[in-house]
Amino acid sequence: MLLTEELLFQYKRCNRRAFLNVYGEESQKQPEKEFTLKLRQEKEFHSKRVLEIYNLRYYQPQVLIKDTENILKLALMTEDLMAIGVECIYQGIIAHKTIIINEGKEEEITLIAFPTLLIKQNIPSRWGNWSYFPVNTPLGKNIKPEYKIMSAFGGDILNQIQGINLSQTHIFLKNKYKPYHLNLNMWISSSRDLVRECVSMLANKNEPEIFISRQRCGFCQWYQSCYSLAKSQQNLSLIPGISQKKQELLIKNNITNFFSLSQVTLSDLKQVFDVEIANNIYQQTQSLFTSKAILKNILPKIPTNNIELYFDIEAEPERNLDYLLGVLLVNHQTQQQKYYTFLAKNIEEEENIWQEFVTFINQYENAPIFHYSPYEVETIKRLGYLYKTPSSQLKSILSRLFDLHKTVINSFFLPVENYSLKSIANWLGFHWRNPKTGKTLSNYDKVGGDQCVFWYDQWLQTGDRIWLDYILIYNEDDCLGTYELKKWLTKYQDKLA
């Protein structure tokens, strides 16, 4: 069995994904999202930047042999380079065969890691008066346990290959200019435990239970397959507020799916969870079971005006750039609506679009500005301070902002699988378009903000206007979806009056 660093990382993040990558049917696998291409490009850029920081002459196995798809050949080439004592190896592969006992049986495993750099140091090893320590370059901006475990996994393999005991490895986080020094003695045991767990699952073909996580599952190529199965099983993870631990606790109490959960009483749930959690789970389940909204708190007054504005932003986090400020203007007197865009075609234009946006907003000083997340408030504050907007103007704009997400979360249980704008607007009957075709998107083919990041990156690289057009269509639908939600909230409030 081959156990690669990538597979182990997948197992750490999601046991089921690792299982499906070994045993799943390729026909059930979705194509990679375009955004993953951008992530690979960012990873390559980050790795090369770190290489420049070390400023070492390097050798790269992938360009030294033809059969670059054969990782074991690349591992042998990496060892050859280590044996002759080159100063630095870039994108090498290290491999080590070992025996793991699984349920009393010996399993021969080849462990494979992909350190970004292997740097020569003056510590003796089997090679001679030198050895190597690894440098890893994850894309995260903050150190995470999985980064430490993967770095320890590679460090452990390197120890076995070289016949030494490395004390530390280096982890270079994104936008950092100094490495994080990982103490291997603290993390190798955790790495070995994870390897044993993963090998046991794969060797015994123990298919993990499904748990659908909106954030974690979004980029997985197995999402559609898992989601379809979860729907057919009435999986508990499709209920908002059910974490993996809560799901496990419910199953232990013989509540195994949505139907069985819908049949239990609130007092039953209070035997499993504290009062607040039990009530939230009960009410959310009842909302789904009846397909009706349930009011949980007093609904705040929803502002109305002859002219209302619906606001959504598209941003490029890597460039700290808010490149599109989209506004849907709804005129209730004339029964007309119009979509306005303030679009920065490069980073230098951000100030211009901000000033244009402020001028536009100030024309409608009594118009409430509806949005669906805290991000719009944070962005207006950032741009206002950055570009020295007069305090009185900034306060006026901020006072008119109304966050519909906060209103929904605080006031309702809704019959939806999550409380994203798309999920709620879809429930209300509004559906986003596929910007490339104009057709309504299916549940499995949703475009998100990550896709817009990719499209904007393509615009910057190619100068082809089509990428900007895709973004504008998507952002307009975000504004329209926000409008649909506000209309529903207003009607609901009128019924309560």
Assess the side chains of Trp432 and Asp478: does a donor N or O sit below 3.5 Å from an acceptor N or O? yes
Ring centre gap for Phe35 and Phe219 strictly below 6.0 Å: yes
Test item: side-chain donor near acceptor, Asn257 and Ser260, under 3.5 Å: yes
Contact summary for Asn475 and Glu314, nearest pair of heavy atoms: ND2-OE2, 3.0 Å
Separation of Glu207 CD from Leu20 CG (nearest 0.5 Å): 6.5 Å
Measuring from atom CG of Leu158 to atom CD of Gln160, what distance do you get when rounded to the nearest 0.5 angstrom? 10.0 Å
Between Leu182 and Ile143, does a side-chain contact (heavy atoms from CB on, under 4.5 Å) hold up when you go through it step by step? CA-CA 10 Å; Leu182 178 71; Ile143 199 71; over 6 Å; no
Report yes if the side chains of Ile101 and Glu106 come closer than 4.5 Å at any heavy-atom pair, otherwise no. yes
Show, in sequence, the C-alpha distance, side-chain angles and deciding distance for Ile210 and Tyr227, and conclude whether the side-chain contact (heavy atoms from CB on, under 4.5 Å) test is met. CA-CA 9 Å; Ile210 293 175; Tyr227 179 79; over 6 Å; no
For Asp464, look at atom CG and say whether over 12 heavy atoms of other residues, nucleotides or ligands are found less than 6.0 Å away. yes
Whether over 12 other heavy atoms sit under 6.0 Å from Tyr54 OH: yes
Going by distance alone, is a donor N or O of one side chain under 3.5 Å from an acceptor N or O of the other, for Gln461 and Asp457? yes
More than 12 non-hydrogen atoms from neighbouring residues, nucleotides or ligands closer than 6.0 Å to CE on Met1, yes or no? yes
Apply side-chain contact (heavy atoms from CB on, under 4.5 Å) to Trp455 and Lys436, showing your working. CA-CA 11 Å; Trp455 287 337; Lys436 294 184 178 181; 4.0 Å; yes
For Phe9 and Arg13, run side-chain contact (heavy atoms from CB on, under 4.5 Å): C-alpha distance rounded to whole Å, both residues' side-chain angles, the deciding distance at 0.1 Å, then the answer. CA-CA 6 Å; Phe9 184 78; Arg13 286 279 181 92; 3.6 Å; yes
As a quick check of understanding, evaluate salt bridge (Lys or Arg N to Asp or Glu O under 4.0 Å) for Glu417 and Lys231, giving each step before the final call. CA-CA 11 Å; Glu417 290 176 3; Lys231 288 287 283 186; 3.2 Å; yes
Decide if atom OH of Tyr387 counts as having more than 12 heavy atoms of other residues, nucleotides or ligands within a radius under 6.0 Å. yes
Is the number of heavy atoms from other residues, nucleotides or ligands within 6.0 Å of OH (Tyr177) greater than 12? no
Hits for side chain to side chain contact (heavy atoms under 4.5 Å, CB included) against Asn346, two or more places apart or cross-chain, chain-then-number order -> Glu348, Glu349
Using a strict threshold of under 4.0 Å (side-chain N to carboxylate O), is an ion pair present between Glu44 and Lys48? yes
Parallel, tilted or perpendicular: rings of Trp467 and Tyr470 (30°, 60°): perpendicular
For Asn21 and Gln10, which I'm curious about, is there any donor-acceptor pair between the side chains at under 3.5 Å? yes
Within the distance-only criterion (no hydrogens, no angle test), does the side chain of Gln284 pair as donor or acceptor with the backbone N or O of Leu414 below 3.5 angstrom? yes
Answer yes or no: are there more than 12 heavy-atom neighbours, outside Lys406 itself, under 6.0 Å from its atom NZ? no
Could you tell me which residues satisfy side chain to side chain contact (heavy atoms under 4.5 Å, CB included) with Thr110, sequence neighbours excluded, listed by chain and number? Leu2, Leu72, Ala95, Lys97, Ile112
With heavy-atom distances below 4.5 Å as the criterion, would you say the side chains of His170 and Tyr180 are in contact? no
State whether a side-chain donor-acceptor pair under 3.5 Å links Lys43 with Thr137. yes
Evaluate side-chain hydrogen bond (donor to acceptor under 3.5 Å, both in side chains) for Glu26 paired with Gln221, printing each intermediate quantity in order. CA-CA 10 Å; Glu26 283 295 313; Gln221 292 177 269; over 6 Å; no
State the SG-CG distance between Cys198 and Leu3, to the nearest 0.5 angstrom. 5.0 Å
Residue pairs involving residues 83-96 (criterion salt bridge (Lys or Arg N to Asp or Glu O under 4.0 Å); sequence neighbours excluded): none
Within 45° of the axis and under 6.0 Å from the centre of the six-membered ring of Phe45, does NZ or CZ of Arg40 qualify? no
Give the ring-plane orientation class for Tyr323 versus Tyr456, where under 30° counts as parallel, over 60° as perpendicular and anything between as tilted. parallel
Ignoring hydrogens and angles, write down the donor-acceptor pairs under 3.5 Å from the side chains of residues 129-136, residues two or more places apart or on other chains.
unit_1, atom_1, unit_2, atom_2, d
Trp130, NE1, Met82, O, 3.0
Ser131, OG, Gln121, NE2, 3.1
Ser131, OG, Ile123, O, 2.8
Tyr132, OH, Val86, N, 3.0
Tyr132, OH, Val86, O, 2.7
Asn136, ND2, Ser151, OG, 3.2

Does Phe172 reach the side chain of Leu117, with side-chain heavy atoms less than 4.5 Å apart? no
Measuring only between side-chain heavy atoms, which start at C-beta, is Trp354 closer than 4.5 Å to Ile380? yes
Under the salt bridge (charged side-chain N to carboxylate O under 4.0 Å, His left out) test, which residues partner Lys144, sequence neighbours left out? none
dist Leu39:CG -> Phe454:CZ (nearest 0.5 Å) comes out at 10.5 Å
Salt bridge (Lys or Arg N to Asp or Glu O under 4.0 Å) for Lys38 and Glu34? Distances and angles first, verdict last. CA-CA 7 Å; Lys38 177 173 167 54; Glu34 291 178 322; over 6 Å; no
Any heavy-atom pair between the side chains of Asp403 and His371 that's under 4.5 Å? yes
Given salt bridge (Lys or Arg N to Asp or Glu O under 4.0 Å), test Arg382 with Glu350 step by step and report yes or no. CA-CA 12 Å; Arg382 182 186 82 83; Glu350 185 184 64; 2.8 Å; yes
Within the distance-only criterion (no hydrogens, no angle test), does the side chain of Asn253 pair as donor or acceptor with the backbone N or O of Ile255 below 3.5 angstrom? no
Donor-acceptor pair between Tyr59 and Gln91 side chains, under 3.5 angstrom: no
Between OG1 on residue Thr379 and CG on residue Asp322, distance to nearest 0.5 Å: 4.0 Å
Within the distance-only criterion (no hydrogens, no angle test), does the side chain of Asn206 pair as donor or acceptor with the backbone N or O of Leu202 below 3.5 angstrom? no
Asp477 side, atom CG; Tyr474 side, atom OH - distance, nearest 0.5 Å: 9.0 Å
Quick one: does Thr341's side chain have a donor or acceptor within less than 3.5 Å of a partner on Leu343's backbone? no
Within a reach of under 6.0 Å around CD of Glu209, are more than 12 heavy atoms found that belong to other residues, nucleotides or ligands? no
When the aromatic ring centroids of Phe357 and Phe311 are compared, is their separation below 6.0 Å? yes
Within 6.0 Å of NZ in Lys176, more than 12 heavy atoms from elsewhere: no
By salt bridge (charged side-chain N to carboxylate O under 4.0 Å, His left out), Arg17 pairs with (sequence neighbours left out) none
